[in-house]
Amino acid sequence: MRAPRPTRRSLIAAVSLATLCGLTACGGGDAAGTATGDDAISVGFSQLGAESGWRTANTESVKASLTEAAGFDLNFVDAQQKQENQIKALRDFVAQDVDVIAFSPVIETGWDEVLQEIKDAGIPVVLVDRTVDTTVEDPYVTWIGADFEQEGRTAGEWVAENAPDAKVFELQGTLGSGAQVDREKGFDAVVGDQVVGKASGNFTRAEGKTAVEAALQTYPETDLIFTHNDDMGLGAVEAIEAAGKTPGEDVRIVSVDGVRDGLQALVDKKFNYVVECNPVFGDQLADLVKKVAAGEDVPKETIVEDEAFDQTTTQADVDARAY
Ligand code: AHR
């Protein structure tokens, strides 16, 4: 078990108090042991971007849970989907000597150097949402996120059961990201033989639309799209309609995420099936960060529970959706 790191603020408070006591000969240890607002856990959080409805909901959840009132001093930095921005933010967190570093890596590789620097500085890492592929030993204390491979498998099982003859175009997320790699692995393990083509839409609506416009030319036989997130799926809807076809009928759409707009597309019969990826895990993250900062044991991984939605989803379900 990792020894608890005294928080930066508690160290400063302890030094100030010792100095004060030296000058004024204060008695009674009670004040020294009393937790105050100065005991906040400093957390550097590098969010990978704001590319999707999922990401926006995740950011809101993290910010709503890692609050001052809950005992955190959060430094939140948005990397705008650029790895170099994330690496810079992580180095800044090391320079600030935060108590815990949390980050959601935009892609899996390329973190060796900075992870080693964080390790050398003795700052514990909590991985959020996506995973890393690194040569650094024991690079993080714990990871919280969804089972992307299972999400891909669940999508594939729906296709195998409901569209066994479909010609599938796979609209991939950011290439090299854990979400893309594992969703593709899970889906292709079930119905890979039905996939006629693939391209990335980088998890955004605009790039999803562009990728599907091209796919409808290159693979005109496409009658089902498996999209790695709702935003790209909504871009696909625009591209399909612009090509004079009906999304949900001529070209069925199977998606991942389950943000409100994605569920609305199910109700509107433009999407056919959505596998949920739940972004609202800020409270679980806050618990983990507290335990990590205190040097307590935590599980190596926490899987966020997901469900799935089909076209029986109602407008009331959409209206009740929190994100
Ligand atoms: O890593 C989670 C994925 O990232 C979500 O499915 C997607 O919408 C986001 O961009």
Side-chain angles (χ1 to χ4, degrees), residues 45-62 78-83 85-86 102-109 111 126-133 140 143-156 170-187 200-209 211-212 225-237 253-266 271 273-282 284-285 301-309 321-323:
F45 187 103
S46 167
Q47 179 60 289
L48 68 87
E51 74 285 4
S52 62
W54 188 100
R55 189 67 51 197
T56 303
N58 181 248
T59 290
E60 281 169 9
S61 174
V62 169
D78 174 347
Q80 298 173 332
Q81 277 192 296
K82 293 199 174 83
Q83 185 177 38
N85 291 349
Q86 285 205 282
F103 80 112
S104 188
V106 62
I107 54 171
E108 291 190 309
T109 55
W111 305 101
V126 175
L127 270 190
V128 180
D129 166 35
R130 297 186 187 168
T131 41
V132 289
D133 180 359
Y140 60 92
W143 163 77
I144 179 167
D147 184 343
F148 297 137
E149 196 175 329
Q150 181 55 50
E151 290 170 350
R153 266 198 303 273
T154 304
E170 189 159 348
L171 185 50
Q172 304 154 298
T174 304
L175 293 179
S177 68
Q180 175 265 317
V181 172
D182 290 347
R183 284 176 185 158
E184 187 167 326
K185 191 171 167 196
F187 184 81
S200 175
N202 201 23
F203 283 125
T204 70
R205 188 184 289 220
E207 288 170 83
K209 181 180 177 193
V212 172
I225 291 175
F226 169 49
T227 169
H228 289 187
N229 84 344
D230 286 344
D231 290 78
M232 295 190 296
L234 293 164
V237 165
I253 298 179
V254 174
S255 181
V256 184
D257 271 358
V259 296
R260 199 182 291 119
D261 287 351
L263 296 192
Q264 185 65 55
L266 267 182
F271 279 10
Y273 190 64
V274 175
V275 180
E276 183 182 47
C277 181
N278 186 350
V280 184
F281 52 80
Q284 285 168 279
L285 175 65
E301 55 177 47
T302 303
I303 307 282
V304 179
E305 292 299 317
D306 293 331
E307 36 178 324
F309 303 89
R321 195 77 173 153
Y323 54 91

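Quick caveat, the model's predicted, so the values are computed rather than measured. One-based numbering, in listed order, for ligands and for the atoms of each.
- The one candidate from K185, R183, E184 that meets the side chain to side chain contact (heavy atoms under 4.5 Å, CB included) condition with E149 is K185.
- Every residue two or more places apart in sequence or in another chain was checked for a ring pair (Phe, Tyr, Trp, His ring centres under 6.0 Å) with W54, and none qualifies.
- Residue-level contacts of ligand 1 at the 4.0 Å heavy-atom threshold are E51, S52, W54, R55, D129, R130, F148, A179, R183, F203, N229, D257.
- A heavy-atom distance below 4.5 Å is found between the side chains of F148 and D129.
- With sequence neighbours excluded, the residues that form a side chain to side chain contact (heavy atoms under 4.5 Å, CB included) with R260 are V318, R321.
- Two residues are said to be in side-chain contact when any heavy atoms from C-beta on lie closer than 4.5 Å; W143 and T302 fail this criterion.
- Applying the side-chain hydrogen bond (donor to acceptor under 3.5 Å, both in side chains) criterion to S61, with sequence neighbours excluded, gives no partner residue.
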